[in-house]
Amino acid sequence: FSSNNYVYLYYTVPVAPIHNRVSRFTANGDVVLPGSEAIILELDQLSGATNHNGGAMHFGKDGKLYVAIGENANTAHAQNLDTYHGKLLRINKDGSVPEGNPFTTGTEQRRRIWSYGLRNPYTFAVHPETGRILVNDVGQGTWEEINDATVGGRNFGWPATEGSFNPTAFPGYTNPIYAYPHGSGDGRGCAITGGVFFNPVTTNYPATMFGRYFFQDLCNNWINTLDLSGGTAVPASFSTSIAGNGLSITMGNDGNLYYLSRSAGALYKIVYNNTTTPFITNQPDDVVVAEGQPASFQVSVSGSAPLTYQWQKNNVNIPDATSSTFTIQAATNADTGDYRVIVSNGAGT
């Protein structure tokens with residue numbers, strides 16, 4: 001965006017035949033340049049049903065555009081590979097079919113599909129470092145699902161299944177990594193409406209929060225987390241009695257969580273007030289480059305702001321190397337050595 005000012009939008013065309021569209025616009029400051037729309041992809045015509053016809057859209061770590069689409073209240077769409085409805089798509093930035101998609105022949109719809117068997121993938125999230133994709137699929141009568149769509153070609157089972165199932169009963173389907181039931185109270189709900197990986201460059205949240213997946217429900221005014229560090233997702237309560245009808249949750253560049261409340265008509269910021277010493281969440285990696293090439297080191301830290309950084313070579317401070325990233329623009333043999341960074345705040349180092 002810093003060089004091309006492109007903004008991608010996913011919206012409903014309000015004239016017949018009514019359908020959804022993905023377009024690219026060019027920004028000019030905080031407005032769009034008139035006449036700058038470039039249509040990327042026209043989606044399938046919508047029925048008279050007014051639900052499950054949209055979803056979310058994100059760029060993946062592979063530079064491809066992923067688009068989640070509901071089944072438009074027609075359960076048969078989810079298993080039909082010749083319609084975009086009930087799918088997660090993977091397309092190039094210009095809307096064309098990329099290499100690496102699971103279905104290489106057939107209709108235009110089939111060749112753009114990344115995963116299927118979805119009811120209403122209202123939101124999804126892409127991990128900013130690993131590229132892992134988790135799709136939040138709104139259930140019908142009993143269960144809400146979080147599905148791992150990192151690998152292409154997976155079938156998440158709608159309408160034959162909802163929630164976790166016995167794999168021997170449904171061969172070829174992929175279980176959600178986590179499902180929670182309908183009902184009242186914390187951890188139960190009616191519709192999963194947001195999720196985000198908490199992986200900030202810096203934050204003053206406790207170190208135990210780093211790496212978790214935060215998700216919210218529309219009905220019961222809570223935010224929960226999943227610990228994904230092991231083989232099984234482990235849920236935990238994070239916040240209750242928040243403003244109602246939460247519709248989206250994200251992580252800000254400032255290391256804080258933000259969420260939208262439809263009933264309050266407001267955007268909320270969740271701030272952690274306790275003072276904590278710095279905790280390095282991602283250590284700098286070893287770097288090997290050819291002579292004359294750039295070499296860059298980066299650290300991610302949890303701890304109370306403001307944080308100060310000092311990079312060292314062989315335990316000696318490097319002048320002006322005082323940010324979370326340190327780069328040698330053109331490495332020489334003399335730059336070989338042991339590098340580290342010392343991170344400090346008012347509570348410690």
Next item on the list: Determine, stepwise, if the pair Glu144 / Arg119 fulfils salt bridge (charged side-chain N to carboxylate O under 4.0 Å, His left out).
Entry: CA-CA 10 Å; Glu144 302 299 306; Arg119 180 176 182 264; over 6 Å; no
Between the side chains of [X] and [Y], is a donor N or O closer than 3.5 angstrom to an acceptor N or O?
| X | Y | value |
| --- | --- | --- |
| Asp217 | Tyr180 | yes |
| Glu37 | Ser23 | yes |
| Asp44 | Thr83 | yes |
| Ser47 | Asn72 | yes |
| Asn199 | Tyr213 | no |
| Asn20 | Glu42 | no |
| Glu71 | His52 | yes |

Within the 4.5 Å heavy-atom criterion, are [X] and [Y] side-chain neighbours or not?
| X | Y | value |
| --- | --- | --- |
| Leu43 | Ile69 | yes |
| Tyr309 | Thr202 | yes |
| Tyr66 | Val126 | no |
| Val67 | Tyr10 | yes |
| Thr12 | His19 | no |

Closest heavy-atom pair and its distance - [X], [Y]:
| X | Y | answer |
| --- | --- | --- |
| Pro128 | Phe197 | CD-CB, 4.3 Å |
| Gly95 | Arg112 | O-NE, 2.9 Å |
| Ser261 | Gly244 | OG-O, 2.6 Å |
| Trp311 | Thr325 | NE1-C, 4.0 Å |

In terms of the angle between their ring planes, are [X] and [Y] parallel, tilted or perpendicular, with boundaries placed at 30° and 60°?
| X | Y | answer |
| --- | --- | --- |
| Tyr6 | Tyr8 | perpendicular |
| Phe124 | His58 | perpendicular |
| Phe165 | Phe170 | perpendicular |

[X] atom [atom1], neighbour heavy-atom count above 12 within 6.0 Å:
| X | atom1 | result |
| --- | --- | --- |
| Asp286 | CG | no |
| Asn253 | CG | no |
| Asn314 | CG | yes |

Side-chain heavy atoms under 4.5 angstrom apart, residues restricted to Ile, Leu, Val, Met, Phe, Trp, Tyr: same cluster for [X] and [Y]?
| X | Y | answer |
| --- | --- | --- |
| Ile318 | Val289 | yes |
| Ile91 | Met57 | yes |
| Ile249 | Phe215 | no |
| Tyr268 | Leu260 | no |
| Val22 | Leu46 | no |

Residues [X], [Y]: salt bridge by 4.0 Å N-O rule:
| X | Y | answer |
| --- | --- | --- |
| Asp82 | Arg110 | yes |
| Lys64 | Glu99 | no |
| Arg132 | Asp148 | yes |

Working to the nearest 0.5 angstrom, can you tell me the gap between [X] [atom1] and [Y] [atom2]?
| X | Y | atom1 | atom2 | result |
| --- | --- | --- | --- | --- |
| Ile177 | Thr232 | CD1 | OG1 | 10.0 Å |
| Leu134 | Leu228 | CG | CG | 6.5 Å |
| Ile113 | Ser115 | CD1 | OG | 9.0 Å |
| Glu108 | Leu41 | CD | CG | 9.0 Å |

Checklist line | Step-by-step side-chain contact (heavy atoms from CB on, under 4.5 Å) determination, Gln216 to Tyr259 | finding: CA-CA 9 Å; Gln216 67 182 169; Tyr259 74 93; 3.9 Å; yes
Could you tell me whether the side chain of [X] and the main chain of [Y] form a donor-acceptor pair under 3.5 Å?
| X | Y | value |
| --- | --- | --- |
| Glu162 | Trp143 | yes |
| Asp94 | Ser96 | yes |
| Ser36 | Thr26 | yes |
| Lys87 | Asn80 | yes |
| Asn28 | Leu33 | no |
| Asn333 | Thr336 | no |

Are [X] and [Y] close enough that their ring centers fall under 6.0 Å?
| X | Y | value |
| --- | --- | --- |
| Trp158 | Tyr173 | no |
| Phe214 | Phe238 | yes |
| Tyr205 | Phe198 | yes |

Next item on the list: Would you sort out whether Lys269 and Asp254 count as a salt bridge (charged side-chain N to carboxylate O under 4.0 Å, His left out), showing the intermediate values?
Entry: CA-CA 10 Å; Lys269 174 181 177 179; Asp254 58 2; 3.5 Å; yes
Margin query: Is there a side-chain contact (heavy atoms from CB on, under 4.5 Å) between Val301 and Leu307? Walk through the geometry before answering.
Written below: CA-CA 9 Å; Val301 182; Leu307 294 166; 4.1 Å; yes
Next item on the list: Any chance you could lay out the side-chain hydrogen bond (donor to acceptor under 3.5 Å, both in side chains) test for Thr240 and Asp186, step after step, and finish with the verdict?
Entry: CA-CA 7 Å; Thr240 58; Asp186 187 25; over 6 Å; no
